[in-house]
Amino acid sequence: MMQVRDPKRKIFLIATEESGDRLGSALMKVLRQRLGDGVQFEGVGGRTMAREGLETLFPIEELSIVGLAAVVQQLPKILRLIRETADAVTEAAPDALVIIDSPDFTHRVARRVRAKNPAIPVIDYVSPSVWAWRPGRARAMLGYVDHVLGLLPFEPEEYRKLGGPPCSYVGHPLIEQLSSLRPGADEQKRREAETPVLLVLPGSRRSEIRHHLDVFGAALGRLRADGVAFELMLPTMSHLEATIRAGVANWPVKPQIVVGEAEKRAAFRIARAALAKSGTVTLELALSGIPMVTAYRVGAMEAFILRRAIQVSSVILANLVIGKDVIPEYLQEDCTPEKLASALSEVLTETLMRQQQVDAFAQLDTIMSTGNTSPSVLAADIVLATMRKGHAG
């Protein structure tokens, strides 16, 4: 007697951070549009994926661990969650497993799933930074990832060079948010006003904030002492507000602290320049057309490891996407108040450095374009094409 096929397609998704949760929910929305009632979602996610109908195996807050000491302390729990998640995937036997960012967790799950059931296709949404450090990971991923969905346009070529799995550029979520990043007519006037708005962005993790606040404060004090006029704004999130307020209490120039994503975007639309910690925010600033000075400081042990690991000429995401080091970066012992203040006075005034950044940022729309198709639609197309071609019920 013939077995009846289960008409529902089952997709298992794993996202353990807020940014991944947002990508996962947008992907689920498109997959539901394509498959209607014929799709069932299982997995791990946050609030926005829950709104799309996902019941998470565990709250993702259980993995929001910061600092090496905390990771060591929590290791038994993390390993247990990896084991339990991999078992849940194997038991569900989905038509596809989509792992979203958080490679320290999701890749360990994917390797276990591949060992237990090699028939489950694995799609990795958001490439780990194989182009920056540990390039050997790309080749290792061939063993447990069927397709990588890259957010950055240079990633497919990097995977080809490194001998990794197929990688497609699907587009960065920021390219769908340009209207909230770019100024209207009145905001443009504020950008060009006599006393410019200078943004300061010390990081989104407590350890980053701790490493950057003092040196950033000293640099801004020196800039003011040099006679440069500016209005200072510091965007942050509500869970970090108390840490930030305590950290800037002794700054010689007091910033206006703005809290939340909408307030941050409003500040971006009127800012003339920025002092920022290296990271995704550099791409956000570049797409907003804001020239910047970037810096990064870590503890001595972390610096020792990173120096030996980093494979790229720049750690600035915007520089890597543009393909040219137009944004200055001051790392570790180069991250001094003197150097930061000197570079900031250049990006605040009409200089060659400022103009080179503005010209380079104007090319980003073309470099990062996905045509008229949104990233979540391109991602969904690849997930659907990679899914198992039907399974026995």
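All values below come from the heavy atoms of this structure, side chains included, with hydrogens, waters and symmetry mates left out.
- Residues Ile322 and Leu178 share a hydrophobic cluster, clusters being chains of Ile/Leu/Val/Met/Phe/Trp/Tyr side chains in contact below 4.5 Å.
- Under the side chain to side chain donor-acceptor pair (under 3.5 Å) criterion, Asp87 pairs with Lys116, not counting sequence neighbours.
- Taking CG of Leu201 as the reference point, atom CE of Met233 lies at 11.0 Å (rounded to 0.5 Å).
- For the atom pair OG1 of Thr282 and CG of Asn319, the computed distance is 7.5 Å after rounding to the nearest 0.5 Å.
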Practice item. List the steps, then state whether side-chain contact (heavy atoms from CB on, under 4.5 Å) holds for Gln357 with Val347. Key: CA-CA 9 Å; Gln357 289 196 38; Val347 291; 3.7 Å; yes
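- Nearest approach of Pro165 to Ala138, heavy atoms of both residues: CD-O, 3.3 Å.
- A salt bridge is absent between Asp95 and Lys10: the closest approach of a Lys/Arg side-chain nitrogen to an acidic carboxylate oxygen does not fall below 4.0 angstrom.
- Distance OH/Tyr169 to CD/Glu157: 15.5 Å, rounded to 0.5 Å.
- With respect to the salt-bridge test (charged N to carboxylate O, under 4.0 angstrom), the residues Glu350 and Arg272 qualify.
- Linking ILVMFWY side-chain heavy atoms closer than 4.5 Å, directly or via other members, places Val326 and Met368 in a single hydrophobic cluster.
- Listed by chain and number, the residues in a ring-ring contact (aromatic ring centres under 6.0 Å, His included) with Tyr144 are His107 (sequence neighbours excluded).
- Ion pair Arg47/Asp21 not flagged as a salt bridge, since none of the NZ, NE, NH1 or NH2 atoms sits closer than 4.0 Å to an Asp/Glu carboxylate oxygen.
- No donor-acceptor distance shorter than 3.5 angstrom exists from the side chain of Arg108 to the backbone of Ala86, with no hydrogens or angles considered.
- Using a cutoff of 4.0 Å between basic side-chain nitrogens and carboxylate oxygens, Asp37 and Arg32 are not scored as salt-bridged.
- The minimum heavy-atom distance linking Pro173 with Leu151 is given by the pair CD-CD1, 4.0 Å.
- Clustering ILVMFWY residues whenever any of their side-chain heavy atoms sit less than 4.5 angstrom apart, transitively, puts Val293 in a cluster other than the one holding Val358.
- In this view, Leu152 and Trp131, Phe154, Glu155, His172, Leu283, Leu317, Val321 satisfy the side-chain contact (heavy atoms from CB on, under 4.5 Å) rule, not counting sequence neighbours.
- For the pair Glu208 (side chain) and Arg205 (backbone), a donor-acceptor distance under 3.5 Å is present.
- Both Leu198 and Leu213 sit in one connected hydrophobic cluster of ILVMFWY residues. Membership requires side-chain heavy atoms under 4.5 Å apart, directly or through other members.
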Practice item. Verify side chain to side chain donor-acceptor pair (under 3.5 Å) between Ser25 and Glu52, making sure each step is shown before the conclusion. Key: CA-CA 6 Å; Ser25 79; Glu52 289 301 318; 5.6 Å; no
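- Minimum interatomic distance between Ala93 and Ile120 (heavy atoms only, all atoms of both residues): CA-CD1, 4.2 Å.
- Residues Thr56 and Gly45 come closest through the heavy atom pair OG1-N, 3.1 Å.
- Not a single donor-acceptor pair under 3.5 Å links the side chain of Asp226 to the backbone N or O of Val228.
- Of the possible donor and acceptor atoms, none in the side chain of Arg206 sits under 3.5 Å from a partner among the backbone N and O of Thr243.
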Review point. Taking it one step at a time, do Lys324 and Asp359 satisfy salt bridge (charged side-chain N to carboxylate O under 4.0 Å, His left out)?
Key: CA-CA 12 Å; Lys324 213 162 41 175; Asp359 293 345; over 6 Å; no
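- Ser369 contributes a side-chain N or O that, together with a main-chain N or O of Gly371, makes up a donor-acceptor pair within less than 3.5 Å.
- The backbone N or O of Ile60 lies less than 3.5 Å from no partner atom in the side chain of Thr16, so there is not a single donor-acceptor pair.
- Paired with Val44 under the rule side-chain contact (heavy atoms from CB on, under 4.5 Å), one option of Val109, Leu57, Ile100, Leu63 passes, and it is Leu57.
- Around the CD atom of Gln188, the shell of radius 6.0 Å holds more than 12 heavy atoms that belong to other residues, nucleotides or ligands.
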Exercise for review: For the pair Leu348 and Leu223, evaluate side-chain contact (heavy atoms from CB on, under 4.5 Å) and give the outcome as yes or no after the intermediate values.
Suggested key: CA-CA 11 Å; Leu348 277 165; Leu223 190 63; 3.9 Å; yes
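- Between the side chain of Thr386 and the backbone N or O of Ile382, at least one donor-acceptor pair lies under 3.5 Å.
- Note: Ser168 OG to Tyr159 OH = 11.5 Å, rounded to the nearest 0.5 Å.
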Hey, can you pull the donor-acceptor pairs under 3.5 Å for the side chains in residues 252-264, sequence neighbours left out?
| residue | atom | partner | partner atom | Å |
| --- | --- | --- | --- | --- |
| Lys254 | NZ | Ala249 | O | 3.2 |
| Lys254 | NZ | Trp251 | O | 2.5 |
| Glu261 | OE2 | Arg265 | NE | 3.2 |
| Glu261 | OE2 | Arg265 | NH2 | 3.3 |
| Lys264 | NZ | Glu284 | OE1 | 3.2 |
| Lys264 | NZ | Glu284 | OE2 | 2.9 |

Practice item. Check the pair Asp334, Lys339 against side-chain contact (heavy atoms from CB on, under 4.5 Å), reporting the backbone distance first and the verdict last. Key: CA-CA 7 Å; Asp334 275 337; Lys339 287 184 178 178; 2.8 Å; yes
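- Using a 4.0 Å cut-off between a side-chain N of Lys or Arg and a carboxylate O of Asp or Glu, Glu346 and Arg354 do not qualify as a salt bridge.
- Transitive grouping of hydrophobic side chains (ILVMFWY, heavy atoms separated by less than 4.5 Å) brings Met28 and Ile123 into a common cluster.
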**Study point:** Full working for side-chain contact (heavy atoms from CB on, under 4.5 Å) between Leu340 and Thr336
**Key:** CA-CA 6 Å; Leu340 295 180; Thr336 65; 6.0 Å; no
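- With sequence neighbours excluded, the residues forming a side chain to side chain donor-acceptor pair (under 3.5 Å) with Ser376 are Ser374, listed by chain and number.
- A donor-acceptor contact shorter than 3.5 Å links the side chain of Arg388 to the backbone of Pro94.
- Under a cut-off of 6.0 angstrom, the local environment of CD in Glu55 is sparse, with at most 12 non-hydrogen atoms contributed by other residues, nucleotides or ligands.
- Under a 3.5 Å cut-off, the side chain of Arg222 and the backbone N or O of Pro337 do not form any donor-acceptor pair.
- For CD of Glu241, the number of neighbouring non-hydrogen atoms (other residues, nucleotides, ligands) closer than 6.0 Å is greater than 12.
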Exercise for review: Any chance you could lay out the salt bridge (charged side-chain N to carboxylate O under 4.0 Å, His left out) test for Asp101 and Arg22, step after step, and finish with the verdict?
Suggested key: CA-CA 11 Å; Asp101 212 354; Arg22 287 193 296 272; over 6 Å; no
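- At a cut-off of 3.5 Å, with distance as the only test, a side-chain donor of Gln40 or Glu42 sits close to an acceptor on the other residue.
- Phe268 CZ to Ser180 OG: the interatomic distance, rounded to the nearest 0.5 Å, is 10.0 Å.
- In this structure, the side chain of Ser288 does not engage the main chain of Ile290 through any donor-acceptor pair within 3.5 Å.
- Using a 4.0 Å cut-off between charged side-chain N and carboxylate O, Arg269 and Asp186 make no salt bridge.
- Val30 and Ala380 get closest at one heavy-atom pair: CG1-CB, 3.5 Å.
- Separating the CD1 atom in Ile78 from the CD atom in Glu62 is a distance of 10.5 Å, to the nearest 0.5 Å.
- Note on Glu187 versus Arg190: no salt bridge recorded, every NZ/NE/NH1/NH2 to OD/OE distance being 4.0 Å or above.
- Phe216 pairs by the ring-ring contact (aromatic ring centres under 6.0 Å, His included) definition with His212, not counting sequence neighbours.
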